[in-house]
Amino acid sequence: MGDHRDQLPADVHPVIRVLPMPHDTNAAGDIFGGWLMSQVDIAGSIVALRRAGGRVVTVAVNEFVFIKPIYVGDLVSLYAEIVKIGTTSIQIEVTAFAERGRHDGASERVAQAKLTYVAIDQDRKPRSVNKPTT
Ligand SMILES: CC(C)(COP(=O)(O)OP(=O)(O)OC[C@H]1O[C@@H](n2cnc3c(N)ncnc32)[C@H](O)[C@@H]1OP(=O)(O)O)[C@@H](O)C(=O)NCCC(=O)NCCS
């Protein structure tokens with residue numbers, strides 16, 4: 001998923017599909033970057049918590065590139081995959097695509113990000129990602 005293609009991946013399901021609303025816009029009328037960052041974090045965390053078998057927290061946004069704008073009426077699809085597994089951390093790459101209004105499958109890649117999540121226990125301390133929550 002780390003290439004520069006614009007087509008929605010045919011063989012993978014998105015973690016999230018979401019329609020941004022007018023209240024998600026910035027002062028210029030495009031979708032606010034913070035809205036997209038939030039969706040990316042949610043998508044990445046879902047993949048991380050499944051792999052970790054329990055609660056995770058975001059420790060770092062390692063990379064975040066806004067490639068093209070998102071507009072009201074676009075359908076945004078977020079794909080996420082594990083790129084690195086450490087002792088207590090999992091790094092996830094998230095790619096966001098926008099279908100421009102027509103929703104006919106034609107899309108553009110609008111953002112690419114890498115985030116690191118840490119599995120935590122009941123005391124909020126890092127725990128091995130290879131052991132489920134006790
Ligand atoms: C995440 C947290 C539990 C880590 O606690 P810590 O005592 O610093 O843990 P460690 O130093 O042992 O690091 C834990 C793992 O995170 C990784 N890590 C820590 N800082 C990192 C960074 N800036 N970038 C990437 N990875 C990082 C470490 O490499 C380690 O990974 P590994 O075990 O796979 O080798 C703690 O920093 C925390 O609670 N942060 C706030 C999380 C939060 O609230 N997130 C939401 C923000 S809105």
Side-chain angles (χ1 to χ4, degrees):
M1 225 183 296
D3 63 14
H4 292 259
R5 67 188 176 192
D6 279 334
Q7 283 305 308
L8 294 174
D11 49 346
V12 199
H13 291 293
V15 182
I16 298 173
R17 282 198 212 276
V18 60
L19 283 167
M21 294 291 160
H23 63 247
D24 301 317
T25 55
N26 60 25
D30 296 345
I31 296 302
F32 174 47
W35 175 87
L36 183 59
M37 293 181 88
S38 171
Q39 303 302 320
V40 164
D41 189 25
I42 292 167
S45 72
I46 290 169
V47 173
L49 74 84
R50 278 186 173 158
R51 174 57 182 81
R55 189 172 174 194
V56 298
V57 289
T58 314
V59 71
V61 178
N62 309 107
E63 180 185 312
F64 202 112
V65 183
F66 295 96
I67 301 162
K68 288 179 181 163
I70 299 174
Y71 310 108
V72 172
D74 290 354
L75 175 61
V76 179
S77 299
L78 296 112
Y79 295 78
E81 63 183 9
I82 295 169
V83 290
K84 193 163 79 179
I85 298 177
T87 304
T88 67
S89 69
I90 302 172
Q91 190 179 54
I92 307 283
E93 183 174 60
V94 182
T95 309
F97 295 86
E99 290 173 63
R100 306 295 191 189
R102 301 179 305 279
H103 304 165
D104 58 359
S107 63
E108 291 189 297
R109 198 173 60 118
V110 291
Q112 187 89 38
K114 283 199 182 106
L115 304 92
T116 302
Y117 299 86
V118 175
I120 56 168
D121 62 19
Q122 288 175 336
D123 300 320
R124 305 182 67 95
K125 300 290 181 212
R127 66 173 174 84
S128 168
V129 292
N130 297 306
K131 294 182 195 158
T133 312
T134 52

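Computed from a predicted structure; not experimentally measured. Atoms within a ligand are numbered from 1 in the order they appear, just like the ligands themselves.
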Same apolar cluster: M37 and Y117, side chain cutoff 4.5 Å: yes
Distance alone, cut at 3.5 Å: any donor-acceptor contact between the side chains of E99 and S107? no
According to ring pair (Phe, Tyr, Trp, His ring centres under 6.0 Å), does anything in residues 43-74 pair up with another residue at least two apart or in another chain? List the pairs. F64-F66
Any I92 side-chain heavy atom under 4.5 Å of V83 side chain: no
Between ligand 1 and the protein, which N/O pairs are shorter than 3.5 Å?
unit_1	atom_1	unit_2	atom_2	d
ligand 1	31 (O)	S89	OG	3.2
ligand 1	33 (O)	T88	N	2.9
ligand 1	33 (O)	T88	OG1	2.6
ligand 1	34 (O)	T87	N	2.7
ligand 1	34 (O)	T88	N	3.0
ligand 1	34 (O)	S89	N	3.0
ligand 1	34 (O)	S89	OG	2.7
ligand 1	45 (N)	T58	O	2.9

Can you name the closest pair of heavy atoms from L8 and R17 and give their distance? CD1-NH1, 4.3 Å
In this structure, would L115 and L49 fall into the same cluster of hydrophobic residues linked by side-chain contacts under 4.5 Å? yes
